[in-house]
Amino acid sequence: MALRCFLNGCYVGALVLYVLAGCRIVPFHGDEATIVYMSGDFATLFLHGDLAHIEYHDPPPADDPQAATKQQLRLINGVVNKYAYGLAWWSAGLTPNDLPAQWLWGADFQFNQATGRLPSDRLLIITRWASALLAAISVALVFAVGNRAGGPRTAYIAAFIYTAAPAILLNGRRAVFESGLLLFSALLIYLVQRTLAKPRGAISALMLGVAAGFAIASKHTGMLVAATVSSLALVPALKGRWRFARNGVWIAGGAAILALTVFVALNASWWSDPLRMPGRVLDARKLLLQGQVTRYGGFQNMPARIMALVREPFGAPQYYEDTIEDWAHWITQPIKTYDSSGLGGLSGSLWEIIIAILIIIGTIRALLAWRHSAVFVVLLWSSLMIATTFVLTPLDWQRYYVPIVAPLAVIGGMAFSVVGDAKPDRAEIAA
């Protein structure tokens, strides 16, 4: 047992180091500048205690010319990563004066650089390290989820597929929002699996609620991951164990209430008018997506949407989405450096075919073993991510497909595991 733990630790540690190793050379994205700019909220709220300039106001505070922009950004984005970045640069001795201005999409690279919208090299690497650390921890959690679903073989393969995915490496290393969502999504799934195996009443509800709250506060997509908490009631209900299902409802309900509380507590901008904020957020996100589709073009037909769902999760890295501006020229050398480093993961037709075969076989095995609670959670997780991404994503942008990678990696890992066969099912919500 000790040897196995040591080997598991060495394996996961190697994958973690691989994630961290590429931070410095990952090609720049304009959203990194905007999100680092947003990390100024860390200083406003935690260092200065200035709640008045964080809460939503209509009209925005007149003493801050950037107040309207900041409020709009707070509506459509999460908070976990920007607080993590703020803590990182503050711990390194930097101040809000070192932050860039918001990146101006529609202007060229030189204009943004000349007008102070490009983070310094030091600031960028500090925030990227903070982001990559969150993504690296998620590797260990994906390993743990795979281990519960199908044992060591599933864990090893799932963690490798996940870590080798270019979309995970690119968006997990950049100073953007994806790494926080990856971390807390995987943590929540692991806790759901663990609770089904060994529920602990209020303690389980507490852990699940906090993890779900942080997942949603990382990126609003986390709301869909949080829905997997329903497994606590669904698993025993599908087996006709209604008393255990009722206990699962209580745990899931308590976790849901706590998740909402944690989310609102982390989003100080909601405190001034919490009841109207969900509507404002939905309207703002709708306008954002409409603007993106208008400027860059969305899917033209259903086959294109289906192909994006197949291609993007494990396809070659998409370094930029803006095909109107000259990003292909601006970051040509960083792309070449990153591509030749061996740190960008695995891609190409052969690898994608292998992944597809593993996922197909793993899906069949998982469906045959759906009564195993840890497997059911993964099936629900992957189904929610795939369905909602397919329906709600209007553009062929790889970062919007990042939430699919982890559940599919775990399912792919099940291809070589006899999941749940001849094992007593521990997946009961005990009284």
Regarding Arg24 and the six-membered ring of Tyr338, is the cationic atom NZ or CZ under 6.0 Å from the ring centre and inside 45° of its axis? no

Pair Glu352 + Arg311, salt bridge at N-O below 4.0 Å: no

Mind checking the OG1-OH spacing from Thr163 to Tyr11? Nearest 0.5 Å is all I need. 7.0 Å

Check: Phe143 ring centre within less than 6.0 Å of Tyr156 ring centre: yes

Check this for me: does any side-chain nitrogen of one of Arg280 and Asp273 sit under 4.0 Å from a carboxylate oxygen of the other? yes

Examine Trp271 together with His57 and report whether their ring centres are nearer than 6.0 Å. no

Within a reach of under 6.0 Å around CG of Asp121, are more than 12 heavy atoms found that belong to other residues, nucleotides or ligands? no

Would you name the heavy atoms of Thr69 and Gln102 that are closest together and state the gap between them? CG2-OE1, 2.8 Å

Between Glu178 and Arg399, is the closest basic N to carboxylate O distance under 4.0 Å? no

Distance-only donor-acceptor check, side chains Asn147 and Tyr190, under 3.5 Å: no

Qualifying residue, where the test is side chain to side chain donor-acceptor pair (under 3.5 Å) with Asn81 and the options are Ser179, Ser39, Ser218: Ser179

To check you understand the geometry: which heavy-atom pair defines the closest contact between Ala304 and Phe299, and what is its length? O-CE2, 3.6 Å

Count the heavy atoms belonging to other residues, nucleotides or ligands that lie under 6.0 Å from CE of Met223, then report whether that count exceeds 12. no

Under 6.0 Å between ring centres, would you say that holds for Phe28 and Trp103? yes

